[in-house]
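Atom set for the values below is all heavy atoms of this structure, side chains included, hydrogens, waters and symmetry mates excluded. Start at 1 with the first residue, then count along the sequence. In each ligand, atom 1 is the first atom listed, and ligand 1 is the first ligand listed.
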Amino acid sequence: MTDTAPEALAADTVAADTAASDVVIVAVDGPAGSGKSSVSKQVARALGFGYLDTGAAYRALAWHALAREVDTSDATAVLEAVSDFDFRISLDPDDYWVRSGEVDVTEAIREQRVTDAVSGVARVPAIRRAINAAFRRLVAASGRPGVVVEGRDITTVVAPDAPARILLTADPAVRAARRSAEISGSTAAEVAEALRRRDSSDSKVVDFLTAAPGVAVVDSTALDFDETVAEVLAVARRELGGAAPVDPDRVAPGVEGKD
Ligand SMILES: Nc1ncnc2c1ncn2[C@@H]1O[C@H](COP(=O)(O)OP(=O)(O)O)[C@@H](O)[C@H]1O
Ligand SMILES: Nc1ccn([C@@H]2O[C@H](COP(=O)(O)OP(=O)(O)O)[C@@H](O)[C@H]2O)c(=O)n1
């Protein structure tokens, strides 16, 4: 299936690919809880594009390292764990899954222990290079006219030349409240503190709090989900211009079916 690709992320495979492709990229960055995943998925549906959740790759690698009982704060040990990390992900916004080898880790990578470990894994430059090369391969092999790619460094590192680049933001308290509504077993204050800690750690590696030149900002603080999708779609369609699909059914906001 074209929406999937096994990815061996061993360092020696990295150089193999930075192949240019004619698949259009809508790049979406932002901090945790800003709505990147849910909004990007919906935007992808509306455009008839694929959807790539890059955070899932870092989460799956953290899961893999934890499964191997690797100390995720030890960069060398994590790099070793990459050598047999077989990352697979669906780019279908209507059939989202993540696998490590044959193991479906779609749910497991959202566990708190993985969330707590992921920033440590994501701060290793060699890992970022390997994972970014895998993202480019996945987009090129997507079989779609375009892919909405969301994460932290898509607008700046993974696809700085993307025709549409968007920074999705929201006030920290609003982001924490959204995340808290999804999580049981933690107080709102605990969720807010965990989010603040992860953003602080992540933002030492890549800047996803300020927009790079040419990147449009969508602030969803005062917008509901449907309004945010409509705003991101409007920016994407404006920026894509002739690269946007012309089927009116596909470019309509299409906000039903929120995850
Ligand atoms: N504009 C919005 N208003 C209200 N809730 C939203 C909005 N955008 C996203 N959400 C909800 O907030 C939660 C976090 O969104 P998510 O897409 O997981 O964020 P991120 O991928 O940036 O961490 C989800 O439950 C999502 O449905
Ligand atoms: N492009 C990206 C995407 C995620 N990440 C890392 O992966 C983690 C999980 O990303 P995510 O998008 O699933 O996180 P949420 O914002 O959805 O909670 C982040 O906390 C970052 O450490 C990254 O470094 N670069």
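Among the atoms of E150, none of the N or O lies under 3.5 angstrom from an N or O of ligand 2. Distances between N or O atoms of G35 and those of ligand 1 include at least one value under 3.5 Å. For ligand 2, the polar-atom distance check against D202 finds a nitrogen or oxygen pair separated by under 3.5 Å. Ligand 1 has a nitrogen or oxygen under 3.5 angstrom from a nitrogen or oxygen of G33. Among the atoms of E150, none of the N or O lies under 3.5 angstrom from an N or O of ligand 1.
Heavy atoms of K36 found under 4.0 angstrom from ligand 2 belong exclusively to the side chain. By the criterion of a heavy-atom distance under 4.0 Å, both the backbone and the side chain of R152 are placed next to ligand 2. Heavy atoms from both the backbone and the side chain of A32 come within less than 4.0 Å of ligand 2. By the criterion of a heavy-atom distance under 4.0 Å, neither the backbone nor the side chain of R175 is placed next to ligand 2.
Between Y58 and F135, the ring planes are perpendicular. Angles over 60° get that label, and only those under 30° would be called parallel.
Those atoms of ligand 2 that come under 4.0 Å of a heavy atom in G151, given as number and element, are 1 (N), 3 (C). For ligand 1, the atoms sitting less than 4.0 Å from at least one non-hydrogen atom of L223 are 1 (N), 2 (C), 3 (N), numbered in the order shown with element in parentheses.
Nearest to atom 8 (C) of ligand 2 by heavy-atom distance, out of L52, V206, V118, is V118.
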